[in-house]
Amino acid sequence: MKIAFIGLGNMGSPMAHNLLKSGHSVTVYDLSQRAVQLMTDAGAKSASSPRAAVSDAECVITMLPASAHVRSVLEGPEGVLAGIQPGVTIIDSSTIDPASVREFASLANARGNTFVDAPVSGGTGGAAAGTLTFMVGGNSAVVAKVRPVLEAMGKNIVHCGDVGTGQVAKICNNLVLGITMAGVSEAMALGVALGIDPKTLGGIMNTSTGRCWSSDTYNPYPGVIDTAPASKGYAGGFGTDLMLKDLGLATDAARSVSQPVFMGETAQKLYQTSSQNGNGRLDFSAVIKLYQLEALANVS
Ligand code: NAD
């Protein structure tokens, strides 16, 4: 299938590689020339704008930081909607708010196109291994049509309901993730301050009831999990600013239905402080740096 892929960051790049590996013809677009070059070296075609990238595409995938980026790629004279053929489905895998998704779906529908939200879980490791979970919102027939494309990048493809419900699932999952990472950070920092070896404590947690993805895959304490961002200077992985964005999506969505998010709001403050301390582009597990005494003074 001819696929246009827009947004070649930590997630988009390995996802697009997996489409190539599955035999799809992939045309890419990104603001970063380096990211584009790495994909063309691997066999993709490049385009000079989103509009040019989608001109003969049978499916379009966007994997961008936030709603404003998706809007700028879709709209305008050089945008996706200006160049897409009728009947083609747009799959947005970015994590954005459900209300924007519904608006983008209406814009696509008005031009004779279909739209599904398909945010992912599984991190950069899952993106590279092709084992992502896709949480998909959209019409059943459209979801069935795009399923083989998603299967080239993921292992679990879950149809959550109408357009927007994929994002509902995603922001609730990341609400848990933001809270558990802050919790594991707090416990690891406390344990070390009280004198236990971090690897021993991490090992105990991971065979006990404290075990979770934040402890057994992305443990925030350096050296506990060799493959975790914490053991590589917090590079790569899932950026602090992206987690901050997702907690903002969760707390905003909660407000829209008068639902309390006690722990989500506390977690949001922690990642906000971590970002203000200059860690916005580091993996979100760098939140553990707040538990150094001098940084704790910044938490309100
Ligand atoms: P990233 O910041 O690494 O990559 C974003 C890419 O989009 C960059 O290459 C950037 O150049 C490109 N871009 C931005 N604006 C653009 C534009 N107008 N036109 C073309 N390209 C543009 O982000 P990421 O980590 O790949 O995350 C992408 C999305 O996936 C986010 O919504 C994030 O919340 C979500 N997500 C990330 C992870 C993770 O572990 N990193 C996991 C699950 C979901």
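In listed order, ligands and their atoms are each counted from 1. Here, residue 1 is the first one in the sequence, and each next residue gets the next number.
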*Can you tell which part of Val73 has a heavy atom less than 4.0 Å from ligand 1: side chain, backbone, both or neither?*
side chain

*asked:* Below a 4.0 angstrom heavy-atom separation, can you tell me which part of Leu242, side chain or backbone, both or neither, approaches ligand 1?
replied: side chain

*Between Tyr271 and Gly178, is there a donor-acceptor pair closer than 3.5 Å when you use the side chain of the first and the backbone of the second?*
yes

*Which pair of non-hydrogen atoms, one from Leu20 and one from Ala42, has the smallest distance, and what is that distance?*
CD1-O, 3.6 Å

*Are any side-chain N or O atoms of Lys245 and backbone N or O atoms of Thr95, one a donor and one an acceptor, separated by less than 3.5 Å?*
yes

*Which ligand 1 atoms are under 4.0 Å away from a heavy-atom of Ser94?*
32 (O)

*For atom 16 (C) of ligand 1, grab the closest protein heavy atom and report residue, atom and distance to one decimal in Å.*
Leu31 CD1, 3.5 Å

*For residues Thr124 and Asn10, is any side-chain donor paired with an opposing acceptor at under 3.5 Å?*
no

*Could you tell me the residue and atom name of the protein heavy atom closest to atom 2 (O) of ligand 1, and the distance to it rounded to 0.1 Å?*
Pro65 CG, 4.3 Å

*Look at the aromatic rings of Trp213 and Phe284 and report parallel, tilted or perpendicular, splitting at 30° and 60°.*
parallel

*To which protein heavy atom is atom 3 (O) of ligand 1 closest, and what is the distance rounded to 0.1 Å?*
Asn10 N, 2.9 Å

*asked:* Which of the numbered atoms in ligand 1 are under 4.0 angstrom from any heavy atom belonging to Leu8?
replied: 9 (O)

*Option of least heavy-atom distance to atom 15 (N) of ligand 1 (set: Arg34, Met63, Glu78, His69)*: His69

*Identify, by atom number and element, the atoms of ligand 1 in contact range of Thr95, meaning under 4.0 Å from any of its heavy atoms.*
32 (O), 34 (O), 35 (C), 44 (C)

*Under 4.0 Å from a heavy atom of Tyr29: give me the atoms of ligand 1 that qualify, with their elements.*
19 (N), 20 (C)

*Answer yes or no: does an N/O atom from Gly237 fall short of 3.5 Å to an N/O atom of ligand 1?*
yes

*Just one of Ile96, Asp117, Leu81, Ile90 clears the side-chain contact (heavy atoms from CB on, under 4.5 Å) bar with Phe104, so which one?*
Ile96

_At less than 4.0 angstrom from any non-hydrogen atom of Gly123, what atoms of ligand 1 do you find?_
40 (O)

*asked:* Contact between ligand 1 and Ser72 is defined here as a heavy atom of the residue under 4.0 Å from a ligand atom; is it met?
replied: yes

*Closest protein heavy atom to atom 37 (C) of ligand 1, given as residue, atom name and distance to 0.1 Å*: Met11 CG, 3.5 Å

*Nearest protein heavy-atom contact for atom 11 (O) of ligand 1: which residue, which atom, what distance?*
Asp30 OD1, 2.6 Å

*asked:* When you compare the side chains of Asp241 and Ser275, does any donor N or O come within less than 3.5 Å of an acceptor on the partner?
replied: yes

_Identity and distance of the protein heavy atom lying nearest atom 40 (O) of ligand 1_ = Phe238 CB, 3.3 Å

*Per-atom contacts of ligand 1 with Lys170, taking only distances under 4.0 Å to non-hydrogen atoms*: 43 (C), 44 (C)

_Among all the protein's non-hydrogen atoms, which is closest to atom 28 (C) of ligand 1, and how far away is it?_
Leu64 O, 3.8 Å

*Between Ser121 and Asn173, what is the shortest heavy-atom contact and its length?*
OG-ND2, 3.8 Å

_Nearest-0.5 Å distance, CE of residue Met135 to CD of residue Gln167_ = 9.0 Å

_Is it the case that ligand 1 has an N or O less than 3.5 angstrom from some N or O of Ala35?_
no

*Between Ser185 and Met181, is there a donor-acceptor pair closer than 3.5 Å when you use the side chain of the first and the backbone of the second?*
yes

_Donor on one side chain, acceptor on other, Asp30 and Ser32, under 3.5 Å_ = no

*Is a donor on one side and an acceptor on the other found under 3.5 Å between the side chain of Asn113 and the backbone of Gln85?*
yes

*Among protein heavy atoms, which lies nearest atom 43 (C) of ligand 1, and at what distance?*
Val120 O, 3.4 Å

*By number and element, which atoms of ligand 1 are closer than 4.0 Å to a non-hydrogen atom of Lys245?*
31 (C), 32 (O), 33 (C), 34 (O)

*asked:* With respect to Ala66, determine whether any N or O atom, backbone or side chain, lies less than 3.5 Å from an N or O atom of ligand 1.
replied: no

*Does atom NZ of Lys145 have more than 12 heavy-atom neighbours from other groups under 6.0 Å away?*
yes

